[in-house]
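Single-structure report; data block below.
Computed over heavy atoms, backbone and side chain alike; hydrogens, waters and symmetry mates excluded.
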Amino acid sequence: MPKRRDALRALPLVLLPGLGVATRVRAAAGDDPSNAAAECVIPAKAGGGFDLTCALARDSLQVVRPGRPPLAQSFLPGGIGAVAFDRIATGRLGGPEVLVAFSSGSLLNIAQGRFGPHSASAARWIAALGTDYGVVAVHRDSPFRSLADIMAALRREPSRVVFGAGGTVGSQDWVKAALLLRAAGRDPKSMRFVSFEGGGDALNALQGKHVDVFPGDAAEALQAIAAGAAVRILAVLSESALGGGLTGIPTARSQQVDLVWPTVRGVYMSAEVAEPALRAWVDAFREAMAAPGFPALRERHRLYPFSLTGAALEAYVATSLAQYAKLATELGLRRWSR
């Protein structure tokens, strides 16, 4: 059984300008860290869902606490969150002024042991700010005009359909693609999947027609489309049709593919942070999400309602980890030892 610890050590640590700013500008002893200089670590490259998460965290806090320094944004790509989680768990990153973005995909990776020799208890799950939904998207000029076209192609010859998205085998975007193949009656192992360090890079590849299908998330796809990307969404992986930027986009279920994939987005901190500081951050985000203007702000960041904090979020994380571990077993994914 391979050790995920060794794989993580092989990943380069890329610290872009800004990482550690809040650490160097610590609040005075006894101050509420949620009112002081702090940063939100984006554990991927720019342009993906983690980027949107930190932007929403920054903007929502600023609305209810306009006097606080704006939450700094820092990038730490590597393993779609694996490097950031490993450094939080080992104490090389953290403190009461460091938040890290996470998604349901992060929980899926932890459930498989893909985030190193650490359990979910290495982090404290502070707030879920909203939910995204999976999408199946193609280039605007793609011959695939509907999800049915993709399913037909998968049934005929799955190796001719090239998927491209953030993460490697076992990541949430890979799992979405694998579930499409399973729905087409094909073995997910027959899939061609190109891995990228985040949804932004994958969407760039889709624009360049280097991949055929993007099984990513709605928020990042909509952000790319708003910026002029030649991308067309064929299906949204929600229980029912959605509004906002996804108005008029059919669900996979309405196209006879029973696939639903919500992607919860939020922030966590190191479990080593003192309890008073953790409670301060939970209270800050609870206040932010209860503010009258938060629904509009969440919609502006292309997310849908899903708000949890503190103990309720910790319980949700525990339930999700169990569900993802079961799904990984069903798909024959390898569990990394811890």
Give a yes-or-no answer on whether the side chains of [X] and [Y] include a donor-acceptor pair shorter than 3.5 Å.
{"X": "Arg286", "Y": "Thr309", "answer": "yes"}
{"X": "Ser240", "Y": "Arg253", "answer": "no"}
{"X": "Ser34", "Y": "Asp32", "answer": "yes"}
{"X": "His301", "Y": "Asp59", "answer": "yes"}

Taking all heavy atoms of [X] and all of [Y], pick out the closest pair and write down the distance.
{"X": "Gly130", "Y": "Arg298", "value": "CA-CD, 4.2 Å"}
{"X": "Leu331", "Y": "Pro188", "value": "CD2-CG, 4.4 Å"}
{"X": "Arg302", "Y": "Ala226", "value": "NH2-CB, 3.5 Å"}
{"X": "Leu246", "Y": "Ala218", "value": "CD1-CB, 3.7 Å"}

ask   = Taking it one step at a time, do Leu327 and Leu333 satisfy side chain to side chain contact (heavy atoms under 4.5 Å, CB included)?
value = CA-CA 9 Å; Leu327 178 60; Leu333 291 169; over 6 Å; no
query = Going through the checks in order, is the ring pair (Phe, Tyr, Trp, His ring centres under 6.0 Å) test met by Tyr133 and Phe306?
reply = CA-CA 12 Å; Tyr133 286 95; Phe306 188 91; 9.7 Å; no
Residues Asp86, Arg92; criterion salt bridge (charged side-chain N to carboxylate O under 4.0 Å, His left out); working and verdict = CA-CA 8 Å; Asp86 183 66; Arg92 286 175 284 173; 2.7 Å; yes
Would the distance check show the side chain of [X] and the main-chain N or O of [Y] forming a donor-acceptor pair, the cut-off being under 3.5 Å?
{"X": "Asp173", "Y": "Gly166", "result": "yes"}
{"X": "Ser142", "Y": "Val138", "result": "no"}
{"X": "Asp212", "Y": "Val162", "result": "yes"}
{"X": "Lys209", "Y": "His139", "result": "no"}
{"X": "Arg186", "Y": "Arg155", "result": "yes"}
{"X": "Glu220", "Y": "Gly216", "result": "no"}
{"X": "Thr53", "Y": "Gly266", "result": "no"}

Is [X] atom [atom1] crowded by more than 12 heavy atoms from other residues, nucleotides or ligands, each under 6.0 Å away?
{"X": "Glu272", "atom1": "CD", "value": "no"}
{"X": "Glu299", "atom1": "CD", "value": "no"}
{"X": "Arg160", "atom1": "CZ", "value": "no"}

ask   = In Å, rounded to the nearest 0.5 Å, how long is the span from CG of Leu129 to CG of Leu297?
value =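 Here the rounded value is 9.5 Å.
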request  = Please round to the nearest 0.5 Å and tell me the distance separating atom CZ of Arg114 and atom OG of Ser106.
outcome  =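 Between Arg114 CZ and Ser106 OG, I get 11.5 Å after rounding to 0.5 Å.
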Would you say [Y] ends up clustered with [X] if hydrophobic residues are merged whenever their side chains have heavy atoms under 4.5 Å apart, either directly or through other cluster members?
{"X": "Trp281", "Y": "Trp125", "value": "no"}
{"X": "Trp174", "Y": "Met151", "value": "yes"}
{"X": "Val264", "Y": "Leu321", "value": "yes"}
{"X": "Leu71", "Y": "Ile42", "value": "no"}
{"X": "Val213", "Y": "Leu179", "value": "yes"}

With heavy-atom distances below 4.5 Å as the criterion, would you say the side chains of [X] and [Y] are in contact?
{"X": "Val211", "Y": "Phe193", "result": "no"}
{"X": "Arg68", "Y": "Gln62", "result": "yes"}
{"X": "Val231", "Y": "Leu206", "result": "yes"}

query = Given the side-chain rings of Phe163 and Phe214, with only the six-membered ring counted for Trp, is the space between their centroids under 6.0 Å?
reply = no
request  = Please lay out, stage by stage, how Phe102 and Phe85 fare under the test ring pair (Phe, Tyr, Trp, His ring centres under 6.0 Å).
outcome  = CA-CA 9 Å; Phe102 80 91; Phe85 193 81; over 10 Å; no
query = Which residues pass the side-chain hydrogen bond (donor to acceptor under 3.5 Å, both in side chains) test with Arg140, sequence neighbours left out?
reply =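 Checked Arg140 against side-chain hydrogen bond (donor to acceptor under 3.5 Å, both in side chains); zero matches.
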query = Any Lys/Arg nitrogen of Glu275 or Arg124 sitting under 4.0 Å from an Asp/Glu carboxylate oxygen of the other?
reply =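 So Glu275 pairs with Arg124 through a salt bridge.
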Arg265/Asp217 ion pair, N-O < 4.0 Å = yes
task = Evaluate salt bridge (charged side-chain N to carboxylate O under 4.0 Å, His left out) for Arg65 paired with Glu287, printing each intermediate quantity in order.
result = CA-CA 10 Å; Arg65 302 186 180 192; Glu287 177 188 358; 3.1 Å; yes
